[in-house]
2 protein chains.
Amino acid sequence: MSRSPTRVTDALRDEACPVTEVLDRVAGKWSIGILIAAAHGPVRFTELERPIRGISRRMLSLNLRRLERDGLLVRTVHPTVPPKVEYSLTPMARELHASLTGLVSWAERHRSAVAEARAAYDDAAKRDPGAG
Amino acid sequence: MSRSPTRVTDALRDEACPVTEVLDRVAGKWSIGILIAAAHGPVRFTELERPIRGISRRMLSLNLRRLERDGLLVRTVHPTVPPKVEYSLTPMARELHASLTGLVSWAERHRSAVAEARAAYDDAAKRDPGAG
DNA sequence: CTGAATCCTTCAGGATACTG
DNA sequence: CAGTATCCTGAAGGATTCAG
């Protein structure tokens, strides 16, 4: 996953794929999951932490900030005790969410197909290592 | 397996988590670019290397193999001299390509918006580091 | 409850050189 | 032309701890 800029390739990357920069906002391990989870409405920190299994508090926090910074999430703090913070998608992110669900549905439709392809590929390679 | 009636839980636990595995096939720095470039039709190695500026031969090779292994690309070797190898999308990948172009067009539409959001966010943080 | 700070590991990806 | 092999860096992410 691509992350932050690398030196030499920076200019080139910008030249070839202006989009990659923006696409990278969603390229992390958790971004898509967070956006999908947050799309259900104003959601609290712990309400995100629970369903997104496996995510650490740290990564949730970091991704939340980045998403907010990129104008994809809105963070609302309620000055109560204990503190209550809610996250929701911006209109821009809602558009993105539509495309994301497209991706997700594709992934669901082809989950097993991909698994089978990999198995077949590996098996073929094992039986015939020299082929190509 | 908490069965609490949260709005977020069902959707994400069943949707995003298993999906992430498949989505990760596309999550690399170059995968999307490669798929989009290869969508034009049968494309040779160097024909991919050129437009996808900044990609190293190594990464192109690695990603090509992974994409092939996952059943997204077909690799066709023509036994000629010099060697000629062509890559094209599988039907499954063509479906994916449709979703991908959706993502790309979103990214193009909102490229500047994201940049501005980031600038505003950073600026606000700079002037008022304690807020939140 | 909602984070921030710190330390440590893993691994994608870059540079470079070699090959059929 | 179309790759492979090796070495290395830097960023992502996990575990744990501290705090408002």
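Each chain gets a letter, A, B and so on, in the order its sequence line appears, and its residues count up from 1. Computed from a prediction, not measured in an experiment: that's the story for all the values here.
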**Prompt:** Reading nucleotides 1-8 of chain D from the 5' end, what letters show protein touch, with B for base, S for backbone sugar-phosphate only, - for no heavy atom under 4.0 Å?
**Reply:** BSBS-B--
**Asked** Should B/Lys29 be listed as having a side-chain N or O under 4.0 Å from OP1 or OP2 of D/dA11?
**Response**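 Checking B/Lys29 against D/dA11: no side-chain N or O falls below 4.0 Å of OP1 or OP2.
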**Message:** Tell me the bend of the helix from C/dC1-D/dG20 to C/dG20-D/dC1 as the angle between end helix axes, each from five pairs, rounded to the nearest 10 degrees.
**Reply:**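 Helix axis angle between the two ends: 50°.
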**Asked** Would you say B/Thr90's side chain and B/Ala93's backbone share a donor-acceptor pair under 3.5 angstrom?
**Response**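 Yes.
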**Message:** Test your reading of the model: is there a side-chain donor-acceptor pair from B/Trp106 to the backbone of A/Met92, 3.5 Å cut-off?
**Reply:**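 Answer holds: yes.
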Find the distance [X]:[atom1] to [N]:[atom2] and express it as a whole number of Å.
{"X": "A/Glu68", "N": "C/dT2", "atom1": "CD", "atom2": "P", "value": "15 Å"}
{"X": "B/Met59", "N": "D/dA11", "atom1": "CE", "atom2": "P", "value": "16 Å"}
{"X": "A/Leu60", "N": "D/dT16", "atom1": "CG", "atom2": "P", "value": "18 Å"}
{"X": "B/Asn63", "N": "C/dG13", "atom1": "CG", "atom2": "C1'", "value": "9 Å"}
{"X": "B/Glu49", "N": "C/dG14", "atom1": "CD", "atom2": "P", "value": "13 Å"}

**Item:** Donor-acceptor pair between A/Arg109 and A/Ser105 side chains, under 3.5 angstrom
**Value:**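 Yes.
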**Prompt:** Do you see a donor-acceptor pair shorter than 3.5 Å between the side chains of B/Glu47 and B/His40?
**Reply:**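 No - no donor-acceptor pair under 3.5 Å links their side chains.
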**Request:** Using the side chain to side chain contact (heavy atoms under 4.5 Å, CB included) rule, pick out the option among A/Leu35, A/Val104, A/Ile36 that qualifies with A/His97.
**Result:**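 Answer to the side chain to side chain contact (heavy atoms under 4.5 Å, CB included) test with A/His97 among A/Leu35, A/Val104, A/Ile36: A/Ile36.
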**Closest approach of A/Val43 to A/Ala37 (non-hydrogen atoms, all atoms of both residues)** =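 Minimum heavy-atom contact is CG2-O, 3.9 Å.
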**Item:** 4.5 Å side-chain heavy-atom contact, A/Arg65 and A/Arg75
**Value:**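 A side-chain contact exists here, since the closest heavy-atom pair is under 4.5 Å.
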**Message:** For A/Leu96 and B/Leu103: C-alpha separation, side-chain torsions, deciding distance, then whether side-chain contact (heavy atoms from CB on, under 4.5 Å) applies.
**Reply:** CA-CA 7 Å; A/Leu96 174 60; B/Leu103 262 188; 3.4 Å; yes
